[in-house]
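Comments concern the structure below.
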Amino acid sequence: MKHTKVKALLSGSKVNTEVNAKGWVRTFRNNQFIALNDGSTIHNIQCVVDFENTPEETLKRITTGAAISVIGNLVESQGAGQKFEIQVTKLEILGDSDAEKFPMQPKKHSLEFLRENAHLRVRTNAFGAIMRVRSVLAHAVHTYFQEKGFVYVNTPVITGADAEGAGEMFQVTSLPLDNPPRTEDGNIDYKKDFFGKHTNLTVSGQLEGETFAMALGQIYTFGPTFRAENSNTSRHLAEFWMIEPEVAFNDLDDNMDLAEDFIQYIIKYTIDKCQDDLKFLEGRLLEEEKSKPQADRSEMALLEKLNFVLENNFKRVSYTEAIDILRDSTPNKKKKFQYIINEWGADLQSEHERYLVEKHFKCPVILFDYPANIKAFYMRLNEDGKTVRAMDILFPGIGEIVGGSQREERYDVLVEKMKALGIDEEELWWYLDTRRFGSAVHSGFGLGFERLVLFVTGMTNIRDVIPFPRTPQNAEF
Ligand code: 4AD
Ligand code: MG
């Protein structure tokens, strides 16, 4: 007999027939009621065991974490809390789980504890929900772009380029660390390395993406990117997933329109498809909020917050206007936002971003036209000669979720900028070819996928929205 997923069983279509369910025991009450979960939904199916006719030995083996298979009649349940249940006639233990040793006990565990058990935490309600939401968000990303005719491009993970020029790369080498070959002047001889040159893991697929946009018109990447920045924060991962659309003939305004439409679409898509998981996560958050002082509690519940983003335009503000706002702001009494910027040209810290989004505008904000000297080399210089057509999208509770720009399409201006920053023209000869042959206005952005998952699930630590987080001193699994 083929087994049926719990999600389908709970839809009721097979009521009053014999069914088979397979999954993992969450709890076993009164030697009679099994709460069985198979990952297809946040909900468990109740399996009622005929304990009088079940051997004592088998009953003992129905423990939290055990894998089992049950066959029985699917009936409408008389008990509160579930619509349907299985009246078990046959039960098989597929894999035992020692109840004393199984770390995922049927109680609330701290997120820290769960992180240390990243391979098992997915068996909890919260992580099951988060991972299903993450998967649907990924599907939404592809659906959005595919429906609009964008081409999905897989840019290389190993590259010689530092797209962001921030020097935060993980090196890739096949040379022996203890005794690498050296050139005559004593430097490591990367010509003898696997690729015949120095390489690293990609920090962004943008530069390669641009070359494809200049042929295919509109493309997007969606893949892992790597940053060796030593930021041990709740918003940074060393390995994170980024979505990078790139569009020929789009200017910065088109780029902002695309980003806003895209984000709203994928959130809406996920609300529609993940009602049960999001309601569960919302309930979990409401519980958490209760333990906080009134003043620190969130003003909106999770789904309300998501709908707010769908229903309101993102506020578009230039960097210069933002600096004026920050300068005029008074430090919050609780010192949450004490770093008031006085200087035009300084980069915004996350405190500033959050002040603008959460206290001043109270909605997602797109900041644009940043000072050239705090942004990457490839951004289009404005006519004022000191700002670039950059945009960052800032979200409540998160800060920067998107970074993007109109690209410098003028060969001479780009080369001039690279020279000024000491970026090797020869290394990026292929990138410069896009400006040599048929250059045109084009724009794109990068959305940090985990930051979006954070926002949609209401979680607060980025380590909790990726299956196996990589952070400084941590790559256990
Ligand atoms: O602002 P960033 O560095 O922009 C780029 O990489 C551009 N090449 C994108 C483009 O224009 N195609 O990164 C883009 C986004 C950030 O806004 C943030 O959401 C996310 O990537 N991000 C990180 N997410 C998690 N951990 C990190 N260490 C991140 N660094 C950036
Ligand atoms: Mg950025």
Side-chain angles (χ1 to χ4, degrees), residues 134 137 141 145 150 153 155 159 161-170 201-213 218-247 250 252 254-256 258-259 262-263 319 347-350 352-353 357 364-368 370-371 374-380 388-395 397-408 431 442-456 459 461-466 469-472 474:
R134 180 181 166 109
L137 276 168
V141 168
F145 286 123
F150 281 61
V153 176
T155 49
T159 166
D162 177 7
E164 291 305 297
E168 290 165 337
M169 295 160 310
F170 287 103
L201 294 179
T202 186
V203 296
S204 156
Q206 179 197 319
L207 304 190
E208 293 90 346
E210 280 185 55
T211 69
F212 269 53
Q218 36 181 15
I219 64 100
Y220 70 106
T221 72
F222 186 4
T225 48
F226 307 85
R227 301 214 180 161
E229 51 191 334
N230 211 356
S231 311
N232 221 339
T233 79
S234 57
R235 303 281 179 272
H236 289 88
L237 289 165
E239 177 180 294
F240 65 100
W241 285 64
M242 187 152 50
I243 297 136
E244 297 185 272
E246 191 71 36
V247 185
N250 262 11
L252 189 64
D254 302 323
N255 204 31
M256 293 191 223
L258 176 67
F262 166 60
I263 292 174
Y319 167 91
D347 204 356
L348 301 186
Q349 304 301 313
S350 64
H352 307 125
E353 297 178 342
V357 175
V365 171
I366 310 184
L367 282 188
F368 61 92
Y370 280 78
I374 57 170
K375 288 290 182 188
F377 74 96
Y378 50 69
M379 295 188 182
R380 176 65 156 80
V388 284
R389 285 183 198 163
M391 64 169 209
D392 275 7
I393 302 187
L394 314 177
F395 257 50
I398 311 278
E400 180 189 337
I401 193 162
V402 161
S405 66
Q406 184 176 321
R407 318 306 187 188
E408 183 55 78
Y431 182 65
H442 63 288
S443 301
F445 62 85
L447 169 74
F449 188 52
E450 285 74 20
R451 295 201 183 166
L452 179 76
V453 184
L454 267 184
F455 182 73
V456 174
M459 299 301 289
N461 193 316
I462 201 160
R463 293 167 178 78
D464 299 329
V465 296
I466 187 164
R470 268 89 187 89
T471 50
N474 175 32

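We number each residue from 1, following the sequence as shown. Whatever order the structure lists them in is the order used to number ligands and atoms, beginning at 1.
Judged by distance alone, the side chain of Thr225 and the main-chain N or O of Phe240 form a donor-acceptor pair under 3.5 Å. Checking side-chain atoms of Arg235 against main-chain N and O of Arg451 turns up no donor-acceptor pair under 3.5 Å. Between the side chain of Ser443 and the backbone N or O of Asn250, at least one donor-acceptor pair lies under 3.5 Å.
Between Phe226 and Phe170, the ring centre distance reaches or exceeds 6.0 Å.
Distance check: Glu353 CD to Leu348 CG gives 5.5 Å after rounding to the nearest 0.5 Å. For the atom pair CD (Glu450) and CG (Asn461), the distance works out to 12.0 Å, reported to the nearest 0.5 Å. Note that the CD1 atom of Ile401 and the CZ atom of Phe395 stand 5.0 Å from one another [nearest 0.5 Å].
Summary of contacts: the protein heavy atom closest to atom 14 (C) of ligand 1 is Met242 SD, 3.4 Å. Atom 26 (N) of ligand 1 has its closest protein heavy atom at Leu237 N, 2.9 Å. Closest to atom 19 (O) of ligand 1 among all protein heavy atoms lies Ile401 O, 2.8 Å. Protein heavy atom in closest approach to atom 1 (O) of ligand 1: Glu400 OE2, 3.0 Å. Ranking the protein heavy atoms by distance from atom 15 (C) of ligand 1 puts Gly446 O, 3.6 Å first. The protein heavy-atom contact nearest to atom 12 (N) of ligand 1 is Glu244 OE2, 2.7 Å.
Each of the following atoms of ligand 1 lies closer than 4.0 Å to a heavy atom of Val402: 17 (O). Shown in contact with Gly403 at under 4.0 Å from a heavy atom are these atoms of ligand 1, numbered in order with element: 1 (O), 9 (C), 10 (C), 11 (O), 17 (O). The distance from ligand 1 to the heavy atoms of Arg235 drops below 4.0 Å at these ligand atoms: 25 (C), 26 (N). Close approach of ligand 1 to Glu229 (heavy-atom distance below 4.0 Å) involves ligand atoms 27 (C), 28 (N), 30 (N). Interface atoms of ligand 1 facing Ser204, defined by a heavy-atom separation under 4.0 Å, are 6 (O), 8 (N).
Judged by the shortest distance from any of its heavy atoms, Glu450 lies outside the 4.0 Å radius around the atoms of ligand 1. Heavy-atom distances between Gly404 and ligand 1 reach below 4.0 Å in at least one pair. Between Arg407 and ligand 1 there is a heavy-atom distance shorter than 4.0 Å. Residue contact check for ligand 1: Glu246 places no non-hydrogen atom closer than 4.0 Å to it.
Considering each of Arg451, Glu164, Glu239, Arg227, the one bringing a non-hydrogen atom nearest atom 13 (O) of ligand 1 is Arg227.
Using a 3.5 Å distance cut-off with no hydrogens or angles, the side chains of Tyr378 and Glu210 do not pair a donor with an acceptor.
Using a 4.5 Å heavy-atom threshold, the side chains of Phe445 and Ile393 count as separate. Put simply, the side chain of Leu137 reaches to within 4.5 Å of the side chain of Val456, judged on heavy atoms.
Contact annotation: for Tyr378 versus ligand 1, heavy atoms closer than 4.0 Å belong to the side chain alone. Counting heavy atoms under 4.0 Å from ligand 1, residue Phe240 touches it through the side chain alone.
A salt bridge links Glu246 with Arg407: the distance from a Lys NZ or Arg NE/NH1/NH2 to an Asp or Glu carboxylate oxygen falls below 4.0 Å.
Classification of the Trp241-Phe222 ring pair by plane angle, with boundaries at 30° and 60°, yields perpendicular.
Distances from the Mg ion (ligand 2) to the N/O/S atoms of Glu400 are shortest for OE2.
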